[in-house]
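To keep things clear, I will list the structure first and then write my remarks on it.
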Amino acid sequence: MITLTRLSGTVFALNSDLIERIDATPDTVITLVDGKKYVVVDALEDVVSAVRRHRGEVLALSTLLDVEPWQEPSPSHLGTVTELHRVDGTES
């Protein structure tokens with residue numbers, strides 16, 4: 001998420017993955033993939049810089065994750081299957 005400022009002065013957070021286009025007309029208009037538009041006081045260059053910084057932070061944080069490689073579960077962790085017997089005594 002990046003933080004932006006509306007023309008009214010209120011600050012909001014926007015999911016930058018949903019941005020389709022940014023226009024400077026002369027106000028900065030951000031169009032999302034669903035067609036919704038936001039007019040902000042932030043300059044086009046500042047919005048692009050915020051998106052780049054956000055994505056860089058995501059990549060940097062992903063390198064800090066301690067992920068263990070996939071291991072097959074041991075037999076003691078597997079469930080068991082039993083046959084279901086009907087009330088009349090036949091197997092299903």
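Basis for what follows: all heavy atoms, side chains included, without hydrogens, waters or symmetry-related copies.
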Linking I/L/V/M/F/W/Y whenever any side-chain heavy atoms sit under 4.5 Å apart, do Phe12 and Met1 land together?
no
Say you draw a straight line from CG of Asp46 to CZ of Arg53; how long is it, rounded to the nearest 0.5 Å?
8.5 Å
Suppose we screen for side chain to side chain donor-acceptor pair (under 3.5 Å). Which residues come up paired with Thr25, at least two apart in sequence or across chains?
none
What heavy-atom pair brings Ala50 and Ile2 nearest, and what distance separates the two atoms?
O-CG2, 3.6 Å
In the structure I gave you, are the side-chain heavy atoms of Leu4 and Tyr38 within less than 4.5 Å of one another anywhere?
no
Salt bridge (Lys or Arg N to Asp or Glu O under 4.0 Å) against Arg55, all qualifying residues, sequence neighbours excluded:
Asp17
Please assess Asp34 against Leu18 for the test side-chain contact (heavy atoms from CB on, under 4.5 Å), listing each intermediate value before the final yes or no.
CA-CA 8 Å; Asp34 65 356; Leu18 299 179; over 6 Å; no
Quick check on the hydrophobic clustering: are Val39 and Val48 connected, directly or via other members, by side-chain heavy-atom contacts under 4.5 Å?
no
Report whether Ile22 and Val40 are members of the same hydrophobic cluster (ILVMFWY, side-chain heavy atoms less than 4.5 Å apart, transitive linking).
yes
I'd like to know if Val51 and Val33 are part of one continuous hydrophobic network [Ile/Leu/Val/Met/Phe/Trp/Tyr, side-chain heavy atoms within less than 4.5 Å].
yes
Would you say the side chain of Asp42 lies within less than 4.5 Å of the side chain of Ile30, judging by non-hydrogen atoms?
no
Quick one: are Lys37 and Arg21 in side-chain contact, heavy atoms under 4.5 Å?
yes
Are Val11 and Thr5 packed together at the side-chain level, in the sense that at least one heavy-atom pair is separated by less than 4.5 angstrom?
yes
ring-ring contact (aromatic ring centres under 6.0 Å, His included) contacts touching residues 15-35 (sequence neighbours left out):
none
Exam field: side chain Ser62 to backbone Leu59, donor-acceptor pair closer than 3.5 Å
yes
Set out, in order, the CA-CA distance, both residues' side-chain angles and the distance that settles side-chain contact (heavy atoms from CB on, under 4.5 Å) for Ile19 and Leu32, then state yes or no.
CA-CA 4 Å; Ile19 296 175; Leu32 304 184; 4.1 Å; yes
